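The structure appears right after this line, and notes come after that.
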Amino acid sequence: MSRALGIYIHVPFCKQKCVYCDFYSLPRREDQMDAYAAALRSQLFETDFSGYEADTVYFGGGTPSYLGPRRLTALLEAVFAACPIAPGAEITLEANPDSAGDPDALSALRRAGFNRVSLGMQSADDGELKSIGRVHTMAQVRSAVEAARKAGFDNLSLDLIYGLPGQDLPRWRKNLSAAAELCPEHLSCYGLKAEPGTPLYARRESLPGDEVQADMYLETVGFLEKRGWKQYEISNFAKPGRESRHNLKYWTLGEYAGFGPGAHSDFRGVRYAWARDFEAFLRGDRILSETRRMAPRDREAEWLMLSLRLARGLDAADWEGRFRRSFAPFLPFLERCEAAGYAARAEGRWRLTPRGFLVSNQIIGELLAQIEEE
């Protein structure tokens with residue numbers, strides 16, 4: 001039997017780097033797109049996929065849609081040629097609205113095999129978009145959604161960011177309403193963080209405080225739940241059956257292989273990442289920035305941390321079956337969380353409530369400390 005695998009293709013190109021972005025992305029390098037696509041194809045064919053079948057493929061970035069349909073089609077064909085693909089595989093393309101408004105181009109991508117589009121909407125307010133360095137407008141978001149539907153995509157995701165500079169709860173609520181009116185199957189809603197080294201970090205005092213961001217988060221959960229988008233992960237909401245199957249691999253310890261500089265993998269028992277070195281990648285130098293085989297205790301810690309990101313939470317039977325260790329030592333602390341309204345239990349599972357998600361780092365830290373003490 002083949003083992004399920006997720007494939008991640010990193011496309012670092014973008015028109016302009018957003019002020020909050022700390023991903024590996026490279027603006028104004030369009031002249032090297034063909035060389036980069038060729039290097040990706042070489043890396044794919046150098047990889048041993050024997051014993052595996054990919055059931056998810058994800059083109060992320062950067063802005064993959066900037067490659068255009070010709071290059072994207074050729075890259076997806078290379079994925080199909082290099083690795084067996086499961087019937088019904090989820091194949092996602094990330095896109096910025098300004099580069100995804102052509103129905104004919106999207107139709108070509110749909111025929112090539114892409115069946116899911118993730119649009120970086122971020123805000124419905126043009127002023128907010130400009131303040132964080134986004135190059136699109138809300139009108140382009142609407143045009144991109146219309147083009148995707150016209151091209152036959154019935155699995156559409158929108159990304160939103162709350163806690164933007166100067167944003168308050170009513171303005172965030174307007175963004176949520178505007179996104180809901182577009183009827184996507186999936187929504188990702190992330191709280192803005194000012195990462196050191198980004199232009200936003202120098203402006204971090206302009207961001208809403210923790211209490212305001214907490215109110216925005218709780219508003220998001222309630223607003224989307226009432227309208228049929230069920231929360232399945234801290235920041236992700238979906239219509240029934242439309243959860244991101246690729247991202248669930250990350251959160252359930254599934255295997256995935258990443259390609260391109262900056263891409264991460266958990267493949268054949270090894271966790272590794274490719275160096276953020278564009279020129280070396282073009283030369284064919286495969287440089288790893290990190291690599292390690294995961295120790296059993298590391299996997300236990302990951303399982304706890306990632307399971308608590310998911311709305312379905314911790315499964316005591318899964319823990320005991322997977323790691324051959326009793327779940328009982330965690331119960332006293334989880335029961336205290338339950339009494340405080342941070343956790344709930346049902347049928348052998350422990351999950352965090354929306355209020356619990358707001359303090360999830362502290363809860364996870366307490367549980368991890370128990371692993372280290374044993």
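Along the sequence shown, residues are numbered consecutively beginning with 1. Given the structure is predicted, the values throughout are model-derived calculations rather than measurements.
Side-chain contacts under 4.5 Å among hydrophobic residues (ILVMFWY), followed directly or transitively, place Phe23 with no other residue at all. In the hydrophobic clustering, where aliphatic and aromatic side chains (Ile, Leu, Val, Met, Phe, Trp, Tyr) are joined below 4.5 Å either directly or transitively, Leu200 groups with Val19, Tyr20, Ile132, Ile161, Leu164, Leu192, Leu207. Hydrophobic clustering, defined by side-chain heavy atoms of Ile, Leu, Val, Met, Phe, Trp and Tyr closer than 4.5 Å, leaves Tyr201 isolated from every other such residue.
Contact annotation: the side chain of Leu76 never approaches that of Leu109 to less than 4.5 Å [non-hydrogen atoms, C-beta and beyond]. By the 4.5 Å heavy-atom criterion applied to side chains, Phe223 and Ser177 are counted as neighbours. Residues Phe237 and Glu225 form no side-chain contact, since every pair of their non-hydrogen atoms from C-beta on lies 4.5 Å or further apart. Side chains of Asp210 and Gln213 form no contact here, defined as non-hydrogen atoms less than 4.5 Å apart. For the pair Leu75 and Leu67, the minimum side-chain heavy-atom distance is below 4.5 Å.
Residues meeting the side-chain contact (heavy atoms from CB on, under 4.5 Å) test with Leu282, sequence neighbours left out: Gln32, Ala35, Tyr36, Ala39, Phe278. Residues passing the ring pair (Phe, Tyr, Trp, His ring centres under 6.0 Å) test with Tyr342: none are found, sequence neighbours excluded. Residues satisfying the side-chain contact (heavy atoms from CB on, under 4.5 Å) test with Asp125, not counting sequence neighbours, are Ser123, Glu128, Arg171, Asn175. Residues satisfying the salt bridge (charged side-chain N to carboxylate O under 4.0 Å, His left out) test with Arg355, not counting sequence neighbours, are none. Listed by chain and number, the residues in a salt bridge (charged side-chain N to carboxylate O under 4.0 Å, His left out) with Asp298 are Arg292 (sequence neighbours excluded). The salt bridge (charged side-chain N to carboxylate O under 4.0 Å, His left out) check on Glu90 picks up nothing, with sequence neighbours excluded.
Under a 4.0 Å N-O distance rule, the pair Glu302/Arg271 qualifies as a salt bridge. Ion pairing between a basic and an acidic side chain is recognised when a charged N comes within 4.0 Å of a carboxylate O; Arg283 and Asp277 show no such pairing.
Sequence neighbours left out, the pairs with a member in residues 109-121 that pass side-chain hydrogen bond (donor to acceptor under 3.5 Å, both in side chains) are Thr92-Arg116. Sequence neighbours left out, the pairs with a member in residues 27-48 that pass salt bridge (charged side-chain N to carboxylate O under 4.0 Å, His left out) are Arg29-Glu279, Asp34-Arg70, Asp34-Arg71, Glu46-Arg286, Asp48-Arg268.
Using modelled atom types and a 3.5 Å distance limit, the side chains of Tyr52 and Glu255 yield a donor-acceptor pair.
A donor-acceptor pair under 3.5 Å links the side-chain atoms of Gln16 to the main chain of Gly133, judged by distance alone. In this structure, Arg245 contributes its side chain and Asp55 its backbone to a donor-acceptor pair below 3.5 Å. In this structure a side-chain-to-backbone donor-acceptor pair under 3.5 Å is present from Glu320 to Phe327. Looking only at distances, a side-chain donor or acceptor of Trp229 sits under 3.5 Å from a matching main-chain atom of Pro184. Formation of a donor-acceptor pair under 3.5 Å by the Tyr232 side chain with backbone atoms of Leu248 is not found in this model. Between the side chain of Glu94 and the backbone N or O of Gly61, at least one donor-acceptor pair lies under 3.5 Å. Side-chain N or O atoms of Ser265 include one that pairs as donor or acceptor with a backbone N or O of Gly258 at under 3.5 Å. In terms of modelled atom types and a separation under 3.5 Å, the side chain of Glu338 and the main chain of Leu334 share no donor-acceptor contact. Glu366 places no side-chain N or O within 3.5 Å of a backbone atom of Ile363 that could act as its donor or acceptor partner. Not one N or O on the side chain of Ser206 forms a donor-acceptor pair closer than 3.5 Å with the backbone of Pro165.
Pairing each heavy atom of Thr73 with each of Ala112, the nearest pair is OG1-CB, 3.7 Å. In this structure, Asn247 and Ser244 approach most closely via the heavy-atom pair N-OG, 3.2 Å.
No close placement of the Trp350 and Phe330 rings is indicated, their centers lying 6.0 Å or farther apart.
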Which donor-acceptor pairs under 3.5 Å do the side chains of residues 307-314 make with protein atoms, sequence neighbours left out?
unit_1 : atom_1 : unit_2 : atom_2 : d
Ser307 : OG     : Trp303 : O      : 2.7
Arg309 : NE     : Glu233 : OE2    : 2.7
Arg309 : NH2    : Glu233 : OE2    : 2.3

Determine, step by step, whether Tyr66 and Asp98 satisfy the side-chain hydrogen bond (donor to acceptor under 3.5 Å, both in side chains) criterion, reporting the C-alpha distance in whole Å, the side-chain angles of both residues, the deciding distance to 0.1 Å, and the verdict. CA-CA 9 Å; Tyr66 286 151; Asp98 58 297; 2.9 Å; yes

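The only option from Phe259, Tyr58, Tyr256 that meets the side-chain contact (heavy atoms from CB on, under 4.5 Å) definition with Ile7 turns out to be Phe259. Partner of Asn96 under the side chain to side chain donor-acceptor pair (under 3.5 Å) criterion, chosen from Gln140, Arg134, Gln122, Lys15: Arg134.
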